[in-house]
Protein chains: 2
Amino acid sequence: MKFEAVTIKDIAKALGLSTSTVSRALRDSYEISPETKEKVLQYARETNYRPNPIALSLKEKRSSSIGVLVSEIANSFFSQVINGIESVAQERGYNVVIAQSKESYEREVSALNYLASRSVDGIILSVSAETYDFSAISNLYNKGMAMVGFDRIAETLQMHKVIVNNKRGAYDATSQLIKNGFKNIACIASSSYLSISKERIQGYIDALQENNIKVNDELIAYCAHGGMLYDEVEVAMKKLMSSTKKPDAIIACSDKITTNAMRYCKKEKIAIPEKLGLIGFSNLDLTELLSPSLSVVRQPAGDMGKKAAELLLSMIESKRAVTEFQTVVLPAEIHERESSIK
Amino acid sequence: MKFEAVTIKDIAKALGLSTSTVSRALRDSYEISPETKEKVLQYARETNYRPNPIALSLKEKRSSSIGVLVSEIANSFFSQVINGIESVAQERGYNVVIAQSKESYEREVSALNYLASRSVDGIILSVSAETYDFSAISNLYNKGMAMVGFDRIAETLQMHKVIVNNKRGAYDATSQLIKNGFKNIACIASSSYLSISKERIQGYIDALQENNIKVNDELIAYCAHGGMLYDEVEVAMKKLMSSTKKPDAIIACSDKITTNAMRYCKKEKIAIPEKLGLIGFSNLDLTELLSPSLSVVRQPAGDMGKKAAELLLSMIESKRAVTEFQTVVLPAEIHERESSIK
DNA sequence: ATCATTCCCGGTATCGATTGCGTAAAAAAT
DNA sequence: ATTTTTTACGCAATCGATACCGGGAATGAT
């Protein structure tokens, strides 16, 4: 048995009316007599009639759905963002279609094409760690697809963006390590291509310079896959820990990097914070239960998702082309716990 | 500017052919001459033609999309399940539409109607903690909507189901606490309505009885919202800790309950495992970094999602009605760490 | 040269809902 | 009683793609 919904045609046939009359009755048109309206409405209620959204989409050339492209759903930050997006979308009658890039440029491009070919009305995306060529995105964008970027954004593209104050977050985190007596602070970032990496590293550098600490390139490491793989974080940690001036603290620039760095320390029995201070960007909601409790820079992920969805829907629903682009910058929260206090 | 894709009509007009010819050429019909085919295919490639899935959906009466209904996306277990579902769906040309119940029966029903009205071809769902009336689900199911349940299933409904061996998982976890010398073991479960609660409690009881420990109802607590709210877990913990025979260990039956119980202990300075042993169901991927490292029963969430998606797609794509229903039971993994070892 | 067959392709209905236009019947105006 | 207006509804096109049916032209057969 196949799921078959009641159509306007069924109602028309049952009541001996034409489909146009039924349609107009349902939309409460003045051209329909009160008695006919009542009959139609009652029958529609009884049969639990719902307009077929696919037929509507075809007619209206819009699908009332938005695509979300992230590197990985099973990542607390992204799932919190999706949570925010979904709440706004649901409220406004849109559904959310999700796709993952798994930090692969290739998968990102195919996911974009997939979403476009699935006729979503707009796309909210955070680029993969491998992405430095934004032409696939800009092509789609230039064809008129509504798009909003968040977190990892394509800097060169003119579009609405939702980010946190990454530089400030990293600056505050680094300053805090300095204030707590750490002298030789290293930084592990995601892929060097990413906007967030650049901004966070800049915040780190600014804090060092403001405290008259020389910036040492040897103490900056990158993870090409955004820390998704434990191994790349281990490599980065090994490199840092074997540098000529061994660091006494680390600022980690993403969720996965932070936790994988912690894993490495546990494995190598490096005491945190005694031997190595640690603070990292993270949206896990139990960092205070870690051992030691973890100091984090937290992004307001839910709010970011909500804001991105609102921007996208306003673009989709605006009559004329959008020419002014907003970059919404939300504040990052710092939670100082044990891991960054000597 | 609105996103406008190339249609079959555009191709027909450009090449001076009819839409039917173009359609057939694209589908490589024998009725079309090789020259015409080549012209059409080339033009389609140049213009990056993609068939409009909405038009196809309307014609074929299927949308090539599946709905997923979970209580909360931002929950590691569910996001891992969705991850698995998405990987299978993507591969088979389906997209995934997500909806959340937030543990509310009302939201669950409206989300179900929403998904059905959005013309998904099938639904994968895990019921909310509030749900004990499965009529909304069975109504939809009886109308012919393909559905697969996972984790929290509707026991009375005849449908494909994917679960873990909950009884065994809880049995093993409890046995382990007993083996480690805990004498007075309490259990905190989700809502008493849920299949998983019943099964896990049964596993707990079986383990106690097998070890000749009297089951004490005072030591079984429930969380109506599945532990989603910290407060309900705190209430449960307080109740347990003030019972006549104060427990020396706890088995927690969901992700949120486990971590919130740990939060409570931290807040109340109850030493784990010295004062209170703890083991819980959880799919967080950093439980080994917690303080103390947390003993968990872990569900193979990704595999559950994959299996559920495969079952659903086979249902959707099968010609005839499905009459034999599978219940796939995957093993739960036990990870013994510090929190359950005295 | 005439008829039949094959090859290629176009016309049109269909899916469900909306909407501009046309129109019969009833009501109102003259 | 005739004309005009209003009421209340149906017809048909539309959105994009597919598929059944039908038909013109070229080829082959007789």
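Each chain gets a letter, A, B and so on, in the order the sequences are listed, and its residues count up from 1. None of these values were measured; they are calculated from a predicted model.
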Quiz item: For residues A:Thr131 and A:Ser128, is any side-chain donor paired with an opposing acceptor at under 3.5 Å?
Solution: yes
Practice problem: Starting from P on C:dG16, measure out to CZ on A:Arg62 and report it in whole angstrom. | Solution: 21 Å
Quiz item: Rounded to the Å, how far apart are A:Glu60 CD and C:dC15 P?
Solution: 20 Å
Quiz item: Between A:Tyr30 and B:Lys9, which is nearer to the 5' end of DNA chain D once each is assigned its nearest nucleotide?
Solution: A:Tyr30
Practice problem: Would you indicate what B:Ile54 reaches in the nucleic acid, counting non-hydrogen atoms under 4.0 angstrom: base, sugar-phosphate, or nothing? | Solution: nothing
Self-check item: Interatomic distance where CD1 belongs to B:Ile8 and P belongs to D:dG16 [whole Å]
Solution: 11 Å
Quiz item: For the side chain of A:Asn113 and the backbone of A:Ser110, is there at least one donor-acceptor N/O pair under 3.5 Å apart?
Solution: no
Practice problem: Write down the distance between NZ (A:Lys59) and P (D:dA12), rounded to a whole number of angstrom. | Solution: 17 Å
Quiz item: Among C:dC15, D:dC9, C:dC9, which nucleotide sits nearest the side chain of B:Glu31?
Solution: C:dC9
Quiz prompt | Phosphate OP1/OP2 of D:dA8: any A:Lys37 side-chain N/O under 4.0 Å | solution = no
Quiz item: Any chance the side chains of A:Tyr94 and A:Arg62 put a donor and an acceptor closer than 3.5 Å?
Solution: yes
Exercise. Grab the two heavy atoms, one from B:Ser126 and one from B:Glu108, that are nearest each other, plus how far apart they are.
Key: O-OE1, 4.4 Å
Quiz item: Can you find a donor-acceptor N/O pair under 3.5 angstrom joining the side chain of A:Arg24 to the base of D:dG10?
Solution: yes
Self-check item: Whole-Å gap separating P (D:dA19) and CG (B:Asp28)
Solution: 14 Å
Quiz item: Between A:Ile32 and B:Asn52, which has a closest nucleotide on DNA chain D that is more 5'?
Solution: A:Ile32
Quiz item: Can you check whether B:Gln158's main-chain N or O pairs, donor with acceptor, with B:Tyr141's side chain at less than 3.5 Å?
Solution: yes
Quiz item: Want to settle it: does A:Ala5 or A:Thr21 sit nearer the 5' end of DNA chain C, counting the closest nucleotide to each?
Solution: A:Ala5
Quiz item: According to a strict under-4.0 Å criterion, is A:Lys61 in side-chain N/O contact with OP1 or OP2 of D:dT14?
Solution: no
Quiz item: Could you give the CD-to-C1' distance, from A:Glu35 to D:dT7, as a whole number of Å?
Solution: 11 Å
Practice problem: Give one of base, sugar-phosphate or nothing for A:Ser23, where a contact means two heavy atoms less than 4.0 Å apart. | Solution: base
Exercise. Compare the minimum distances between each of D:dC15, D:dA12, D:dA8 and the side chain of A:Leu58, then state the nucleotide with the smallest one.
Key: D:dC15
Quiz item: Atom CD1 of B:Ile11 and atom P of D:dT18: how far apart are they, to the nearest Å?
Solution: 10 Å
Practice problem: Determine the contact category for A:Thr36: base if any of its heavy atoms lies under 4.0 Å from a base atom, sugar-phosphate if only primed atoms, P, OP1 or OP2 are that close, otherwise nothing. | Solution: sugar-phosphate
Practice problem: Provide, to the nearest angstrom, the distance between the CZ atom belonging to A:Arg27 and the C1' atom belonging to D:dC9. | Solution: 17 Å
Self-check item: Any B:Tyr49 side-chain nitrogen or oxygen under 4.0 Å from OP1 or OP2 of D:dA17
Solution: yes
Quiz item: Side-chain N or O of B:Ser33 less than 4.0 angstrom from OP1 or OP2 on C:dC9?
Solution: yes
Quiz item: Has the side chain of A:Ser20 got a donor or acceptor that lies under 3.5 Å from a partner of the other kind on the base of D:dC11?
Solution: yes
Exercise. Examine the side chains of A:Ser101 and A:Ser104 and answer whether a donor and an acceptor come within less than 3.5 Å of each other.
Key: no
